[in-house]
Amino acid sequence: MDTKVKVLDSNNLDKGILEEIAQVIKDKGLVAFPTETVYGLGANALDEEAVTKIFLAKGRPQDNPLIVHIGDLEGIIPLVKNIPEVAKVLMERFWPGPMTIILEKTSLIPDVTSAGLKSIGIRMPKSIIARNIIKAAGVPIAAPSANISGRPSPTDIERCIEDLKGKIEYIVGGEVSEVGLESTIIDCTVTPPCVLRPGGITLEMLREIDENIYIDKAIMKKPEKDFKPKAPGMKYRHYAPKASVKIISGELQKTIAKINEIVQTYIDEGKKVGIMATEETKDRYKGALVISLGSRNNLNSIGKNLFETLRAFDDNKVDIILSEAFEEVGFGIAIMNRLKKSAGFNIIDV
Ligand code: TXA
Ligand code: MG
């Protein structure tokens, strides 16, 4: 398939291009587009045939439900049965933004979109490009991350092209995703609401709305055999580069020493090693390709650069990636959740 690639300017949106993209969605086609979390692979959420194509293009398991994106607050009304008070407050406070709310769906949403579940995840993205595409299409857009299933999610157009060129109708660029990790998913079908995936809207922020909101304990731990998570997608191998990832966790000076020690053993085996470091530590390593995620004092930059850095190590064909760990508070919870999954929970405590 010929894939059209276009870049939009969010300060001066090209109406002609928007119309072209909207037409692809109306014609049941697939469009990769930017959002502030990661790029999404979108189709008309209300059309079974269109949504089925998303699963095929990504190689996504059929039992993994999609998130439905809306362009404005009113867009949620026909999609869900009832909106509890706490969900209303969360929406008003954090939308548009990196938060997905799970609610009971109406029959307007086909079963393929929700992978047979009675509930559906809804999100209103902050990205102006994303919201304008949804508005131009005139329908809600189902969009998982725009990567081949299992790979780190794309945060810029180049990575979408890498994974999806030739497989979908349209790839739109125009911004680098500023959060860099997928939205916080909060299940509002239960009381109190429960976080199923940590993201840019942190637990601390959510607790300002309802202090009883909690994070599903299972999600930070290595899943046990036959484990059935509440967000079906969380059971799959995810965010994984081609190289294997190991996390070294503990006091920073000990971490640096341990990483240097491990590098040496891999070099002796003739392997190429990548180190995921930080501004504070990057000059302390030897014998490996070192990439800094940013300063430890700025978790936003660590989260923003995480997936791109995992992919950059693959570009450099390293065999193994050794990563420093981050404290599991605030946005650090989302960062460590993705890092642990990309490492298959391979963690060395020092
Ligand atoms: O930031 C994001 O949310 C991005 C951008 C494109 O908006 N999208 C995204 O979609 O991350 P995806 O498909 O990669 O992740 C969707 C996650 C999966 O883990 C899925 O299991 C969960 O949402 N999910 C969707 N609907 C659900 C539901 N009804 N109940 C529980 N989990 C659900
Ligand atoms: Mg994904």
Looking at [X], I want to see if its [atom1] is surrounded by more than 12 non-hydrogen atoms of other residues, nucleotides or ligands under 6.0 Å.
X      : atom1 : value
Glu48  : CD    : no
Glu327 : CD    : no
Lys105 : NZ    : yes
Glu211 : CD    : no

Carboxylate-amine/guanidinium contact [X] [Y], below 4.0 Å:
X      : Y      : answer
Arg123 : Glu182 : no
Arg159 : Asp315 : yes
Asp156 : Arg311 : no
Arg207 : Glu204 : no

Could you check whether any side-chain heavy atom of [X] comes within less than 4.5 Å of a side-chain heavy atom of [Y], counting everything from C-beta outward?
X      : Y      : result
Lys81  : Leu103 : no
Ile186 : Leu196 : no
Phe94  : Leu206 : yes

Inset, instruction - Would you mind telling me which of Thr100, Ile201, Ile122, Leu90 makes a side chain to side chain contact (heavy atoms under 4.5 Å, CB included) with Trp95? - result: Ile122

Legend entry - Among Asn212, Ile209, Asp210, side chain to side chain contact (heavy atoms under 4.5 Å, CB included) partner for Pro193: Asp210

Check the side chains of [Y] and [X] for a donor-acceptor pair under 3.5 angstrom, ignoring hydrogens and angles.
X      : Y      : answer
Thr37  : Ser183 : no
Glu104 : Thr189 : no
Ser127 : Glu175 : yes

Legend entry - Check: Met99 main-chain N/O paired with Thr184 side-chain donor or acceptor under 3.5 Å: no

Legend entry - Shortest non-hydrogen contact between Ala57 and Ile148, atoms and distance: O-CD1, 3.7 Å

Inset, instruction - Kindly give the heavy-atom pair with the smallest separation between Ala50 and Ala43, and that separation in Å. - result: O-CB, 3.7 Å

Legend entry - Verify same cluster id: Val318, Ile348 (apolar side-chain graph, 4.5 Å): no

Legend entry - Arg151 vs Asp314, salt bridge (Lys or Arg N to Asp or Glu O under 4.0 Å): CA-CA, chis, key distance, verdict: CA-CA 11 Å; Arg151 304 257 300 136; Asp314 276 346; 3.2 Å; yes

